[in-house]
Amino acid sequence: EMCMGDRGWTKESRKERFLQELKIDRNYLVGKSLLDVGCGNGVLTIGIAELGAETYGMDVSPSVERAYKFNRNSKVHFLQADLQNPPFRLNSLDIVYSSGVIHHTYDTELSFSCIAPLVKQGGRLYVWLYKPEKDLRHNFMITLRKFTNKFPIWMQYLFYLIFLVPQGMLKERLRGRKINWREQLINYFDALSPEFRHEHTPEEVEIWYRKRNFNNITVSITEYLGFGIYGDLCD
């Protein structure tokens with residue numbers, strides 16, 4: 001998941017963002033079931049449950065173990081699993097939500113096709129994905145990651161901390177945004193460390209939805225580097 005909780009986002013601000021992404025109000029989630037695919041540290045997963053949903057947070061990384069250990073909400077259930085082999089019945093969930101995750105697998109549409117069947121009739125599937133950008137900064141980062149994602153983790157840590165974090169922090173402060181070194185470091189790890197980082201267009205992803213009988217396909221978030229899009233499974 002995009003590590004918003006580690007980038008200056010509070011749980012409340014993440015909840016508000018979540019409602020904007022799905023274009024729903026707070027009451028919509030009462031009595032619903034939701035799967036957060038790639039839940040990371042589980043902050044958002046717990047926040048969604050506070051809005052009334054029975055919420056499942058799934059991640060393949062060890063971060064979900066910590067989320068499970070410290071969870072105190074009986075409506076939240078964490079599990080460690082591969083999103084391409086999810087341990088859920090087909091057509092069993094009201095909402096399947098995945099933000100900034102499936103484009104880090106070797107085949108984004110394949111991963112999409114593994115989570116889409118979990119949505120029940122009339123349910124909603126949301127994904128946030130990277131999109132292409134044509135500016136010099138983005139092209140530089142794409143070129144740089146061809147090298148950095150092959151470095152050992154300790155070498156990446158030092159490289160980002162010494163060469164990239166200081167200029168990134170300066171740039172953010174010039175824009176009037178406070179950001180600490182740890183938040184900036186996580187940003188660079190997210191951009192430059194993963195083995196896979198695919199980019200897609202909304203038009204391409206709309207086809208994925210239509211092929212699987214979703215309608216009401218809506219781009220709800222558009223921003224630099226990415227977009228959020230959802231669809232509803234036809235009754």
Going by atom types alone, do [X] and [Y] pair a side-chain donor with an acceptor below 3.5 Å?
| X | Y | value |
| --- | --- | --- |
| D36 | T45 | yes |
| T148 | Q156 | no |
| S220 | T218 | no |
| E54 | S33 | no |

Is there a side-chain contact between [X] and [Y], using heavy atoms and a 4.5 Å cut-off?
| X | Y | result |
| --- | --- | --- |
| K211 | E109 | yes |
| L83 | I102 | yes |
| L144 | L192 | yes |
| N180 | Q184 | no |
| S193 | N149 | no |
| T105 | L110 | no |
| R197 | I142 | yes |
| V119 | L93 | no |

Measure across [X] and [Y] and return the closest heavy-atom pair with its distance rounded to 0.1 Å.
| X | Y | value |
| --- | --- | --- |
| C234 | F214 | SG-C, 4.3 Å |
| A116 | R212 | CB-CD, 4.1 Å |
| N216 | R124 | ND2-NH2, 3.6 Å |
| G40 | S63 | O-OG, 3.2 Å |
| A49 | N73 | CB-ND2, 3.9 Å |

More than 12 non-hydrogen atoms from neighbouring residues, nucleotides or ligands closer than 6.0 Å to [atom1] on [X], yes or no?
| X | atom1 | result |
| --- | --- | --- |
| R89 | CZ | no |
| L174 | CG | yes |
| Y68 | OH | no |
| K69 | NZ | no |

TODO: Give a yes/no verdict on a cation-pi contact between K32 and Y28, requiring under 6.0 Å between NZ or CZ and the six-membered ring centre and an angle within 45° of the axis.
DONE: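 Here K32 passes the 6.0 Å and 45° test against Y28.
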Is there a donor-acceptor pair under 3.5 Å between the side chain of [X] and the backbone N or O of [Y]?
| X | Y | answer |
| --- | --- | --- |
| N71 | V76 | yes |
| D59 | V64 | no |
| H77 | G57 | no |
| S113 | S111 | no |
| E172 | M169 | no |
| R66 | P62 | no |

TODO: Starting from the C-alpha separation in whole Å, work towards a yes-or-no answer on side chain to side chain contact (heavy atoms under 4.5 Å, CB included) for Y56 and V37.
DONE: CA-CA 8 Å; Y56 301 87; V37 177; over 6 Å; no
TODO: Would you sort out whether I115 and S98 count as a side chain to side chain contact (heavy atoms under 4.5 Å, CB included), showing the intermediate values?
DONE: CA-CA 9 Å; I115 62 175; S98 184; 4.3 Å; yes
Task: CG on D232 to CD1 on I95, rounded to 0.5 Å - done: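 It comes to 9.5 Å.
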Task: Distance in Å, I48 CD1 paired with K75 NZ, rounded so as to fall on 0.5 Å steps - done: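 Between atom CD1 of I48 and atom NZ of K75 there are 12.5 Å.
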Quick one: do [X] and [Y] make a salt bridge, cutoff under 4.0 Å?
| X | Y | answer |
| --- | --- | --- |
| D94 | K120 | yes |
| E21 | K23 | no |
| E195 | K150 | no |
| R17 | E12 | no |
| E50 | K15 | yes |

TODO: Identify the residue among H103, E199, H200 that makes a side chain to side chain donor-acceptor pair (under 3.5 Å) with T108.
DONE: H200
Open item on the list: Can you tell me how the ring of W128 sits relative to the ring of Y130, calling it parallel under 30°, perpendicular over 60° and tilted otherwise?
Closed with: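 Perpendicular: the ring planes of W128 and Y130 meet at over 60°.
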Are [X] and [Y] an aromatic pair by the rule of ring centers under 6.0 Å?
| X | Y | answer |
| --- | --- | --- |
| Y209 | F112 | yes |
| H104 | F196 | no |
| Y188 | F159 | no |
| Y97 | Y230 | no |

- [ ] Walk me through it: do F18 and L44 pass the test side chain to side chain contact (heavy atoms under 4.5 Å, CB included)?
- [x] CA-CA 8 Å; F18 168 79; L44 178 60; 4.1 Å; yes
Open item on the list: Show, in sequence, the C-alpha distance, side-chain angles and deciding distance for D25 and L19, and conclude whether the side chain to side chain contact (heavy atoms under 4.5 Å, CB included) test is met.
Closed with: CA-CA 6 Å; D25 61 37; L19 294 172; over 6 Å; no
Open item on the list: For E133, give me all partners under side chain to side chain contact (heavy atoms under 4.5 Å, CB included), at least two apart in sequence or on another chain.
Closed with: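 For E133, the residues satisfying side chain to side chain contact (heavy atoms under 4.5 Å, CB included) (neighbours in sequence not counted) are K131, D135, H138, Y224, L225.
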